There are 2 protein chains.
Amino acid sequence: MGKQESNVDRVYEALRQMAADFAFMPDQRINESELSKQLGASRTPLREALNRLVAEGFLTFQNNRGFFCRSLTPKYIQDLYGARVAVECEALRLSCVRATDSEIAALGAYLEQTEPVYETATDSGEQLTMDEAFHMRLVQLSGNAELERMLRNLNDRIRYIRLIDLKRMRDKSGARVPGELSVHSRILLGLAGRDAVAADAAMRGHIEKRREAATEAVQIAFSQLYVPQD
Amino acid sequence: MGKQESNVDRVYEALRQMAADFAFMPDQRINESELSKQLGASRTPLREALNRLVAEGFLTFQNNRGFFCRSLTPKYIQDLYGARVAVECEALRLSCVRATDSEIAALGAYLEQTEPVYETATDSGEQLTMDEAFHMRLVQLSGNAELERMLRNLNDRIRYIRLIDLKRMRDKSGARVPGELSVHSRILLGLAGRDAVAADAAMRGHIEKRREAATEAVQIAFSQLYVPQD
DNA sequence: GCATTCATAATTGTATACAGTTTAGAGTGC
DNA sequence: GCACTCTAAACTGTATACAATTATGAATGC
């Protein structure tokens, strides 16, 4: 068996990464010829990948003017956080009914294993990867593939801002008080106790808190994107 | 100003409609040459449109084998209904806080205007259009563009099944008892009273009820698709 | 300086050609 | 009949060419 992955897939993955990282500036027009050279593919597969990203909300498209990066505004980011609440809280409610005890225990073990690493990690990207993995595993427990698909898409579009927020959070506040339960632990505790209301409240509070800090993170994102410090 | 809409857009809209209606049979492989002739466009814009539909969940793609219609299974439909609950209930909770009285009154007026038409309508497609419009307007009141986008996508993928369900519902039960509030009215009443819990319960019950009937509708869908009665 | 016009360059839109891969089916042996 | 092989046809993947459209910028008039 040779390559399973097609060229379009490779181009698509690369572009998705670039779009997530705002390698294209907000509202920036994308030059197809230049980009195709850069990615080592012709415009045909490039445009196919770009069209997928339009449908996923990473890019926009204007007839006869081509593809543009999505814009970055507080409202846009607020909406993404709002959608996360919708998806993750409903998934959690479902999980309270549908997840088995062993599945919940497995996620608990994962949390216990990763939290010490998370607490001491110096790389924010690594931290965010762990955080996203926990939330994804949680939504997987709901057994609903659509909710899972939605969260994956939201995570990818919101990642750049979350990374900034995470960095700031670490700079500001000291380490969590030892012995105190982490937010993730409290969510999982609600789930284990099949207490949908408590789990929902913990999750909602968790996301809303980050959402409140997001507008400030958008400002910082702009300053990073338009005035590179390196 | 000449045409604003591009060829890709035209092809895309046509394909989306076809995919929604299962003009492609579940799991059916799509022949690009044939389809491009049928739509009067070459394979290049056709494939661009097909790629968008893959990203939206209408189609799937396998490398070197091309595009396929999404499969139609009870699980898939159940998941779509589950996602609808997530999106619509959260939108409703947001609306209880953010929607203005006049916006709610306007939706109430729309409901009062359409419900008599709805009750007496003989065309199920027309009924479904009204139903979808109400739900879309409701989610628009939340002010969250992402939730709106998500619901539009879900509606398009679930439409075929809802149409069957609506037909059956009408055949089975007689007309609603006069004087009794419609489900939509009860949802709106909860919203007007800023009672998120009541509104949520009404919405959740409404969607879950249809969801329970959906598996049966899937069976009928299959018999319709594979044994046309005309 | 500022707006307007027009020619030209740059860019996007799409048909087409052809290479690479998969699929279908005839042929063969058992 | 059944499984296997091999060849031809069908189909997908992508580069490329060229038409259509938009963007750029110099020239012009005020």
Side-chain angles (χ1 to χ4, degrees), chain A residues 1-19 22-71 226, chain B residues 1-19 22-71 226:
Chain A
M1 299 253 171
K3 58 165 183 177
Q4 289 278 29
E5 201 179 61
S6 76
N7 197 15
V8 173
D9 284 347
R10 184 183 60 77
V11 169
Y12 166 75
E13 291 297 340
L15 287 176
R16 194 184 164 98
Q17 185 86 47
M18 291 171 74
F22 282 102
F24 311 114
M25 302 287 266
D27 302 309
Q28 181 197 329
R29 184 172 173 174
I30 293 171
N31 187 319
E32 296 174 16
S33 309
E34 197 183 321
L35 193 55
S36 73
K37 249 179 284 179
Q38 193 180 322
L39 295 174
S42 78
R43 281 175 56 221
T44 308
L46 171 62
R47 281 177 62 104
E48 292 188 5
L50 289 170
N51 271 287
R52 284 198 210 174
L53 293 167
V54 168
E56 288 181 301
F58 287 95
L59 305 176
T60 61
F61 175 78
Q62 287 178 47
N63 188 26
N64 286 322
R65 303 208 34 212
F67 298 88
F68 296 78
C69 182
R70 70 197 180 284
S71 48
Y226 289 95
Chain B
M1 298 260 168
K3 58 164 185 179
Q4 289 279 28
E5 202 181 60
S6 75
N7 197 14
V8 172
D9 284 346
R10 185 183 61 78
V11 169
Y12 166 74
E13 292 297 341
L15 286 176
R16 194 183 164 98
Q17 184 85 48
M18 290 172 74
F22 281 104
F24 312 114
M25 302 287 267
D27 302 309
Q28 180 198 330
R29 185 172 175 173
I30 291 171
N31 186 320
E32 297 174 16
S33 311
E34 196 183 324
L35 193 55
S36 72
K37 248 179 286 179
Q38 193 179 321
L39 295 174
S42 80
R43 281 176 55 221
T44 308
L46 171 64
R47 282 177 62 104
E48 293 188 5
L50 288 170
N51 271 286
R52 284 198 209 172
L53 293 167
V54 168
E56 290 181 300
F58 287 95
L59 305 176
T60 61
F61 174 79
Q62 287 178 47
N63 189 25
N64 287 322
R65 300 204 1 144
F67 298 88
F68 296 79
C69 183
R70 69 196 181 285
S71 47
Y226 290 96

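Computed from a predicted structure; not experimentally measured. A note on names: the letters A, B, ... follow the listed sequences, proteins ahead of strands, and every chain is numbered from 1.
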Could you give all pairs that pass the ring pair (Phe, Tyr, Trp, His ring centres under 6.0 Å) test and reach residues 47-66 of chain B, with sequence neighbours left out?
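Checked against ring pair (Phe, Tyr, Trp, His ring centres under 6.0 Å) - neighbours excluded - the pairs reaching residues 47-66 of chain B are B/Phe61-B/Phe67.
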Tell me which pairs pass ring pair (Phe, Tyr, Trp, His ring centres under 6.0 Å) where either residue lies in residues 26-50 of chain A, with sequence neighbours left out.
none
Hey, could you give me each pair passing salt bridge (Lys or Arg N to Asp or Glu O under 4.0 Å) that has a residue in residues 38-47 of chain A? Not counting sequence neighbours.
A/Glu32-A/Arg43, A/Glu32-A/Arg47, A/Arg47-B/Glu48
Report, one pair per line, the protein and nucleotides 9-13 of chain C atoms (nitrogen or oxygen only) whose separation is under 3.5 Å.
{"from": "C/dT11", "atom 1": "OP1", "to": "A/Asn31", "atom 2": "ND2", "distance (Å)": "2.9"}
{"from": "C/dT12", "atom 1": "OP1", "to": "A/Ile30", "atom 2": "O", "distance (Å)": "3.0"}
{"from": "C/dT12", "atom 1": "OP2", "to": "A/Glu32", "atom 2": "N", "distance (Å)": "3.3"}
{"from": "C/dG13", "atom 1": "OP1", "to": "A/Asn64", "atom 2": "N", "distance (Å)": "2.9"}
{"from": "C/dG13", "atom 1": "OP2", "to": "A/Arg47", "atom 2": "NH1", "distance (Å)": "2.4"}
{"from": "C/dG13", "atom 1": "OP2", "to": "A/Arg47", "atom 2": "NH2", "distance (Å)": "2.8"}
{"from": "C/dG13", "atom 1": "N7", "to": "A/Arg43", "atom 2": "NH2", "distance (Å)": "2.9"}
{"from": "C/dG13", "atom 1": "O6", "to": "A/Arg43", "atom 2": "NH1", "distance (Å)": "3.2"}

Set of residues satisfying side chain to side chain donor-acceptor pair (under 3.5 Å) with respect to [X], sequence neighbours excluded:
{"X": "A/Gln62", "value": "A/Arg65"}
{"X": "B/Arg70", "value": "B/Tyr76"}
{"X": "A/Arg29", "value": "none"}
{"X": "A/Arg10", "value": "A/Asn7"}

Could B/Arg16 and B/Asp9 be called an ion pair, given the rule that one side-chain N must be under 4.0 Å from one carboxylate O?
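B/Asp9 and B/Arg16: not salt-bridged.
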Could you check how far [atom1] of [X] sits from [atom2] of [N], rounded to whole Å?
{"X": "A/Leu46", "N": "D/dT16", "atom1": "CG", "atom2": "P", "answer": "14 Å"}
{"X": "B/Asn51", "N": "D/dT12", "atom1": "CG", "atom2": "C1'", "answer": "12 Å"}
{"X": "B/Lys37", "N": "D/dT12", "atom1": "NZ", "atom2": "C1'", "answer": "15 Å"}
{"X": "A/Tyr12", "N": "D/dG13", "atom1": "OH", "atom2": "P", "answer": "16 Å"}

What's touching nucleotides 5-8 of chain D from the protein side, N or O pairs under 3.5 Å?
none

